[in-house]
Amino acid sequence: MRVVITGFGIQSPLGCHWDEVQESIRTGQHRVGPIENFDTGGFPMTAAGEVRHNGQVVKTPGQVDRKVHFLDRALDQLLQRTQLGNRYEPDELLLNMGTGIDYLDSEGYFTRKEFTKPPGETIESHNQTGKAIRELACKYGIRGGCNTFVAACAASSQAIGFSYMLLKKGLAKAVVAGGSDSMTSHATYIGFYKLGAMAFTDEGATTCKPFDRCRNGTVLGEGAIAMALERAEDAPRDQVIMEVAGYGSTSDSFAITDPDPTADMLTRSVELALKDAGISPELIDCVHLHGTGTPKNAPVEYLALKRVFGDRVSELPVYSMKGQMGHLVGSCGAMELLGVAYSIRRQEVPHTVNFSERDPAAPLFVVKDKPLSIPIRYVLKLNASFGGHNTALVLKKPGV
Amino acid sequence: MNKVKVIYKKYHAGQDIPVFDHVSKRKLTKYYTRETMAAAVALGELYGEQRPSADTPFFYSTGELEFMDYFREVCNNFSEDEQQMPFSGAYFIEKVMPRLSPLSQFKIMRNMPHCLIALEYGLKGENALFLDSLQGLLYSAKMCEYDGPLLIGAGKLYADGGAESGFAEILPGELDDLPLASPEDDPLAFFKRISQSLCV
């Protein structure tokens, strides 16, 4: 059974509507800036890609769990746009969402001295993400099931891959899938900083430079993306954006934070996705990589592509969205599928923002300065995470 | 039906979890929460001397986080003056951040139990990681096209330090033989139930 994506609900640093996001990608506007939503006084670094509407950062009170807030808005937008609720029974709809760790309202926690409460007692400042997502499923009349995916940076791509498999195998009729995450709060931002993966300069300014020779880390972002996945036979033809054609997942089982430098299992995930799609590597027109901007990421992604595509790797255009908006962690795979949709709809590979100099250790064909126009039928999308989860998705232009 | 191997373990707060009897990568135990410890013991008993194939698919459901000692252990050492200070970004950086253990961040990452178990057993196959989802586990197993037994598991860490863990080594076709489960069921209740109804 063929599976298609028929709509998006978007709350992202690149905008909150599909047209706005496409324009942001086309122009390559920087969407990482000094954090506006909470007080970063004294922080060693202060940059992030916060959700923006019409260019302005969306601000919320400290007690609000932004990833839940933005998911609520994304779901509302998606369901209004696609009318899934009118086309399917509540029991036929599932919600599969990737997300991150729970939100703690640090100010409330410390101001109310909630740390004095005994373990297990309800803490007002602690927001349980899984519970909140299940409540949103109920709110929007999605009663076929609700699955929350938590494989860190691969969470939302696992959610989308899982949803695709459910539809392909006839186990579901329609799924709302995607991801929602926000680590732009005191506790989570500093927690990520302590993991040592953030880009850093002496000035404290941070810029994520995927694939660039001078890359030295990533920058956090946030956002919620909900997308409608349906069986092609049930989907309104004029709403079809792209087809999900293949999926593969593997685990490095190498280290807690570092990717396996042999790229064995990342390569294997690509092979599995291509096999599932029933296509050979020659049919892939461009690759949207994970591209975190960390020193260890690019050589591993390069090696995986080299092993799958051979010498063609030097002329296969690649892209990473993270240079423009940062790393959305639990929702990055879903957000970056918007980049894939852009490529398929506009027949362009976007330029990777902040990329300027090729790294000899990862000599990829990174599109720079402006989008590259080429015929695009199949796009490969990779994601990988702390913890070693790898995912590969093959997306296809409708009608090919 | 009897080919299914299932195990369920429960540890109360403060109860010793004999993790060192069951892990070979002992250096990594500093990253273990009690959920991971319980999982390591459960799998150690499930597999015994055997080792699963490296390409064994591994699907895992972790529990909703209840363990907020991440900050409690910091704040309990605050002086009276520090407790009275108004909260700000600078307060967080000066008073809280230096006292946070670097290991804490790893312990609150939800994918760490799956990651650490995969590292211990060298599991590199298909995988998915859920939060409190039996439906996700069962669908993943049902859709898996791997030609051999796969591993599904679930775990939870409670606020008081109690921990539960359940695993099953199963062939996708054997799912139909298991006691029926509603998609809304708690994954650990499922493992507990089938461990009671099947022989390990």
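No experiment lies behind these values; they were computed from the predicted model shown. Every heavy atom of this structure was used, including side-chain atoms; hydrogens, water molecules and symmetry mates were not. Residue numbering restarts at 1 for every chain, and letters A, B, ... go by the order of the sequence lines.
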Take L131(B) and Q128(A), measure what side chain to side chain contact (heavy atoms under 4.5 Å, CB included) needs, and give me the verdict at the end.
-> CA-CA 11 Å; L131(B) 182 60; Q128(A) 290 189 316; over 6 Å; no

By a 4.5 Å heavy-atom criterion (distance strictly below it), what part of A187(A) contacts chain B: side chain, backbone, both, or neither?
-> both

Separation of S253(A) OG from E120(B) CD (nearest 0.5 Å) | 9.5 Å

N147(A) side chain to F130(B) backbone, donor-acceptor under 3.5 Å | no

May I ask you to test the K124(B)-R268(A) pair for a side-chain heavy-atom distance under 4.5 Å?
-> no

With only heavy atoms counted, which part of K117(A) is less than 4.5 Å from chain B, the side chain, the backbone, both or neither?
-> backbone

Distance from L123(B) atom CG to M265(A) atom CE, nearest 0.5 Å?
-> 10.5 Å

Do S133(B) and T148(A) have side chains that get closer than 4.5 Å, going by heavy atoms?
-> no

Measure the CG-CD distance between L171(A) and Q135(B) for me, rounded to the nearest 0.5 Å.
-> 10.0 Å

R110(B) side chain to A152(A) main-chain N or O, any donor-acceptor pair under 3.5 Å?
-> no

Based on non-hydrogen pairs under 4.5 Å, which of T391(A), I256(A), N390(A), T111(A) is most in contact with chain B?
-> I256(A)

Validation row: I108(B), D102(A) side chains within 4.5 angstrom (heavy atoms) = no

Where on T62(B) is there a heavy atom nearer than 4.5 Å to chain A: the side chain, the backbone, both, or neither?
-> side chain

Heavy-atom distance under 4.5 Å to chain A: side chain of F78(B), backbone, both or neither?
-> side chain

One should read off an interatomic distance between L100(B) CG and I190(A) CD1, to the nearest 0.5 angstrom, of 9.0 Å

With a 4.5 Å heavy-atom cut-off (strictly below), which parts of residues 82-99 of chain B touch chain A? List them by number.
-> Q83(B), Q84(B), F87(B), S88(B), G89(B), A90(B), Y91(B), F92(B), I93(B), V96(B), M97(B)

Does the pair L195(A) and M109(B) meet the rule for a side chain to side chain contact (heavy atoms under 4.5 Å, CB included), with working shown?
-> CA-CA 11 Å; L195(A) 290 176; M109(B) 284 168 64; 4.1 Å; yes

Max heavy-atom pair count under 4.5 Å with chain B, selected residue of F149(A), F386(A), F38(A), F192(A) = F149(A)

Could you pull out the closest heavy-atom pair between V150(A) and N111(B), with the gap in Å?
-> O-CB, 3.6 Å

If you count heavy-atom pairs under 4.5 Å with chain B, which of L166(A), D252(A), T40(A), D260(A) comes out on top?
-> L166(A)

Considering only heavy atoms, which portion of Y193(A) lies under 4.5 Å from any heavy atom of chain B: side chain, backbone, both, or neither?
-> side chain

Keeping the roles fixed (side chain from Q105(B), backbone from K194(A)), state whether a donor-acceptor pair exists under 3.5 Å.
-> no

Give the minimum heavy-atom separation between A118(B) and S251(A), together with the two atoms involved.
-> CB-OG, 4.1 Å

Which bit of Q158(A) is near chain B, if near means a heavy-atom gap under 4.5 Å: side chain, backbone, both or neither?
-> side chain

Part of L116(B) lying under 4.5 Å from any heavy atom of chain A = side chain

Would you say E126(B) and L272(A) make side-chain contact, with heavy atoms under 4.5 Å?
-> no

What one should report as the nearest heavy-atom pair of F162(A) and G136(B) is CE1-O, 3.7 Å

Do any of residues 22-37 of chain B have a heavy atom less than 4.5 Å from a heavy atom of chain A, and if so, which, in residue order?
-> L28(B), Y31(B)

Spacing of E145(B) atom CD and K169(A) atom NZ [to the nearest 0.5 Å] | 3.5 Å

Can you tell me how far SG of C146(A) sits from CG of D132(B), rounded to the nearest 0.5 angstrom?
-> 10.5 Å

